[in-house]
Amino acid sequence: MRKRIGILTYRGETGFVEPGFLRRLVKEGNGMGAEVFVFGLQDVQLAERRIKGFVPAEKGWKSEWFDWPDIVIDRYRYYPLAKHSRYPPFRKQNWFRYANNRFTNKFNLHQILQEDPLLTRWLPETHAYARSTLVSMLARHRQVYLKPTNGSGGRSILRVEKTAVGYSLHGRTKQQAKSSEMLSSIAKVCERLEAWMQREKNGKEDFFLQQGLQLSLVPGRTVDTRVLVQKDGEGTWRLTGMGIRIGSTRSSTSNLHGGGTAMPAIPFLVHRFGPEEARRIVLECKELVLQTVARIEQHFGQMMEFGFDLGVDVHGRVWIIEINPKPGREIFRQLGEYRRYLQAVRRPLEYALYLLAQDETRKNRSLG
Ligand SMILES: Nc1ncnc2c1ncn2[C@@H]1O[C@H](COP(=O)(O)OP(=O)(O)O)[C@@H](O)[C@H]1O
Ligand SMILES: [Mg+2]
């Protein structure tokens, strides 16, 4: 029997958020002999147990009714906005066999990882926002980042940096606009940060403070490393690829959405640190990623893939900046690594089919 895989995502008035990727996903899934369709929450008819699914047409998309999927890949990127309010309760209901479990926000995740002594050396100091905390962090770190717990794309992040004459603030608004200013006192910095949180927050969203890492591996730029780790068709974690992102000039973030550019990781690290140190860094990144996903699965159950944003600081020390459960693959396209991009698209489908095969073996065993 042909397996039926549903891809859950947000479908708005103007269509899907990442249409190019979704088209690829359907096409690759079809190539594996599966039936694949994309759907939004409004397309699910629970009573009839059917779904209005979307598949690529010559131009755009066409919709058809599909029977209940055997498995669903959850690609819904949630933000605390009114238009997404139906997602959390829906997702908690487990109406489907999901290939990926639910995850949590950045700050919670940090608290969970922090409990594992194997991981603490890779975690930057992180706290909930409070004036006194900001003051004490600025006494110990040259830079402190203020970040929203549910942010993405570098949005709403503000960096505070101590300078000889005061504090310089650099940020990105929700709309990705750069913002910067100089302030003379810490009291003004606190006021500014609080105004920022008021303006930038979505709903009841919180912000947290994080030790600023020295990521200017290219002078004047924020540089970080993106590692994609995915389960393969045998349920084993694999590092699919790694790339460097270099932020635009005078940007406090490196995100590609914010105008950053991509570079292949190994040549970049060899150029910056020399071959031996680069090798050590790459091995440490791998070790970090595999240990962290093991810890995450202990806590959250089986997961499918993650994009790790890692910081390699100017001393060659490796840090976890963010772990994204619904990562993009665009970096590989930007690097011209087209085969790797395709592999990155295929792996979740292969994993979903693997899970279904496992379900069947289990069922047969219990029958026999
Ligand atoms: N603690 C930090 N120190 C230095 N740079 C940081 C820090 N936190 C974030 N950044 C920069 O900002 C970017 C975006 O931050 P991240 O936490 O990944 O949020 P987002 O979800 O918006 O991508 C990172 O890729 C990095 O370039
Ligand atoms: Mg990020």
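As the structure lists them, so they are numbered: ligands from 1, and atoms in each ligand from 1. Here the structure is a predicted model, which is why all the values come from computation and not from measurement.
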Less than 3.5 Å apart, any donor N or O on the side chain of [X] or [Y] sitting next to an acceptor on the other?
| X | Y | value |
| --- | --- | --- |
| Q358 | Y354 | yes |
| Q211 | W319 | no |
| R77 | S152 | no |
| S366 | R362 | no |
| H127 | T133 | no |

Exercise. Who passes side chain to side chain donor-acceptor pair (under 3.5 Å) against R11, sequence neighbours left out?
Worked result: D43
Problem set entry | Atoms of protein origin (N, O or S) under 2.8 Å from the Mg ion (ligand 2) | D309 OD2, E322 OE1
For residues 58-68, which side-chain N or O atoms pair as donor and acceptor with protein atoms under 3.5 Å away, sequence neighbours left out?
{"residue": "W68", "atom": "NE1", "partner": "W95", "partner atom": "O", "Å": "3.2"}

Exercise. Considering only heavy atoms, which protein residues lie less than 4.0 Å from any atom of ligand 1?
Worked result: K106, Y145, K147, G151, S152, G153, G154, R155, I157, Q210, Q211, G212, L213, L215, T222, D224, R245, S252, T253, S254, N255, D309, I321, E322
Problem set entry | R333 charged N/C atom sitting above F21 aromatic ring, 6.0 Å / 45° | no
Exercise. What's the verdict on ring-ring contact (aromatic ring centres under 6.0 Å, His included) for Y76 and F90, showing C-alpha distance, side-chain angles and the deciding distance?
Worked result: CA-CA 11 Å; Y76 197 114; F90 182 90; 9.1 Å; no
